[in-house]
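Before any comments, here is the structure.
All chains are named by letter (A, B, ...) in the order of the sequence lines, taking the proteins before the strands, and each is independently numbered beginning at 1.
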Protein chains: 2
Amino acid sequence: MNDIKQFLRSNALRPTKQRIVIAGYLFDGTDKHVTAESLSTELAKRKHIISLATIYNTLHDFYENGLLKKLTLSADRVYFDTNTNDHHHFYSEKEQFLIDINKNIKVNGLPKTPKNKKINKIEVIVHLDK
Amino acid sequence: MNDIKQFLRSNALRPTKQRIVIAGYLFDGTDKHVTAESLSTELAKRKHIISLATIYNTLHDFYENGLLKKLTLSADRVYFDTNTNDHHHFYSEKEQFLIDINKNIKVNGLPKTPKNKKINKIEVIVHLDK
DNA sequence: TCAACACTTTAGAATCATTCTAAACTGATA
DNA sequence: TATCAGTTTAGAATGATTCTAAAGTGTTGA
C-alpha cells in the first residue's frame, strides 16, 4: 500500500484512491493484458467501482509514464500490457487469446529506415486462427 | 472495364457499377493503402459518389475474397492494402505515414505455436516517431 | 426480350469504444 | 486546516463502423 504510493509518487503521479487500486491490481507481479473494459470488470469483481473515464485516464497516465505498453492488435479496442520489456505476441482475435513471446525474436532484413525518421518500436504480432 | 467485370465475376462478386468503380481505382496496378474514408474521398475527387455503407461493404467483400489485406496499425481506423503479397510496414501514426517493406524480412526465434492453434499470419510493424 | 428474384446499394439510425466537459472532490502544502 | 492544483465523475459528444429495411439492379430461364 505504502509501496504503491511511493511507486506512484516516484512516477510523478499523485497517489489517489483510484490509482492505488488500479496500480495494485496491475502491478501485482504477474504480467497482465487489459482493456479499459476488462480492467473495469476485474476491479468490479473485487468490489472496486471506478468510473470508466477514470480507468481510461489512468491507463493513459500509466502509459505516458512508461508503466504500460500499448498494443495494436485489432482495430476495435486498445490493449495495455504490464510487461514493458521488449517482447511480442501471439494473438487470436476470434478467441481474444493473447500471450507474450518473451523469447528473443530477431527481425532480419529490414530495409533502411525512411529519411529523417527513427524507429520507435518494432511490433511482431503472430496472428492465430482465421 | 470488361476485364474488371471479369475480374469481379471470377471472384464471385457481381459486377455492379459501384464495385467496378472501386475495383478500377484500387487495382490499377499501383499498390495502395486505403481507409473507408480515404477511399471515399479519392473517389469523390473523381466524381464518383458512392455511399460510405457501400464502401465499407465493398472493402469487406474484397477482403473476404482475398483481394485486399487488412492492416492492424492503430486502434482508430482500419487500413486495407492492395498488396496482398507477404510483406510488412513502416508506420508513423503521427504523420499517417505508411510504406511497404517488401524486402524479405525474416523473423527468427519464434517459440512453439500454442497447442491446437495455427499461425494465420505474422505481422511486423515498424513504428516510427513517438 | 423480359419477368422474377436474389443480390446490392443506400440513407439514416444504431452501436460501441473512447474522449470531452464542467462540476464536485481530494491530495499536498503552507 | 484553508487553499488550490490535480483528479474523478456522470453524462454528453465524437467518430468509425455496422445495421436496417426499403428501393434499385444484375442475372437467369423461358
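Atoms CG (B/N65) and P (C/dC7) sit 14 Å apart, rounded to a whole Å. When rounded to the nearest whole Å, the span between CG of A/L52 and P of D/dT8 equals 14 Å. Rounding to whole angstrom units, CD1 of residue A/I55 and P of D/dT8 are separated by 11 Å. Residue A/I20 contributes atom CD1, which lies 12 Å from atom C1' of C/dT26 at whole-angstrom precision. When rounded to the nearest whole Å, the span between CZ of A/R77 and P of D/dT18 equals 13 Å. Whole-Å rounding puts the A/K5 NZ to C/dG27 P distance at 8 Å. The separation between B/N57 atom CG and D/dG24 atom P is 18 Å, rounded to whole Å. Distance CD (A/E64) to P (D/dG6): 16 Å, rounded to an integer number of Å.
Between B/V34 and B/L59, the closest side-chain pair of non-hydrogen atoms falls below 4.5 Å. A 4.5 Å side-chain heavy-atom check between B/D100 and B/H33 finds at least one atom pair inside the cut-off.
Here B/R14 lies in heavy-atom contact (under 4.0 Å) with a base.
Contact annotation: B/R9 reaches the phosphate of D/dT27 (side-chain N/O to OP1 or OP2, under 4.0 Å). In this model, the phosphate group of C/dT9 is approached by a side-chain N or O of B/T16 to a distance below 4.0 Å at OP1 or OP2. Taking side-chain N and O atoms only, B/K17 has a distance below 4.0 Å to OP1 or OP2 of D/dG26. The phosphate of C/dC25 (OP1 or OP2) has no side-chain N or O of A/Q18 nearer than 4.0 angstrom.
Considering only the side chain of A/R19, D/dT8 comes nearest among D/dT8, D/dT17, C/dA28. Nearest nucleotide to the B/H60 side chain, out of D/dT18, C/dT18, D/dG26: D/dT18. Distance from the side chain of B/T54 is smallest to C/dT10 among C/dT10, D/dT27, D/dA5. Comparing atom distances between the A/A53 side chain and each of D/dC19, D/dA10, D/dT27 picks out D/dA10 as nearest. In this structure, of D/dT9, D/dT27, D/dA16, it is D/dT9 that holds the atom nearest to the side chain of A/S51. Comparing D/dA16, C/dA28, C/dT19 by their closest approach to the side chain of A/Y56 singles out C/dT19.
In this structure a side-chain-to-backbone donor-acceptor pair under 3.5 Å is missing from B/T82 to B/F27. Under the 3.5 Å distance criterion, the side-chain polar atoms of B/D28 are left unmatched by any main-chain donor or acceptor of B/G24.
A cation-pi arrangement is absent between A/K117 and B/F90 under the rule of less than 6.0 angstrom and at most 45 degrees off the ring axis.
Along DNA chain D, the nucleotide closest to B/Y79 and the one closest to A/D61 are compared, and the more 5′ of them pairs with A/D61.
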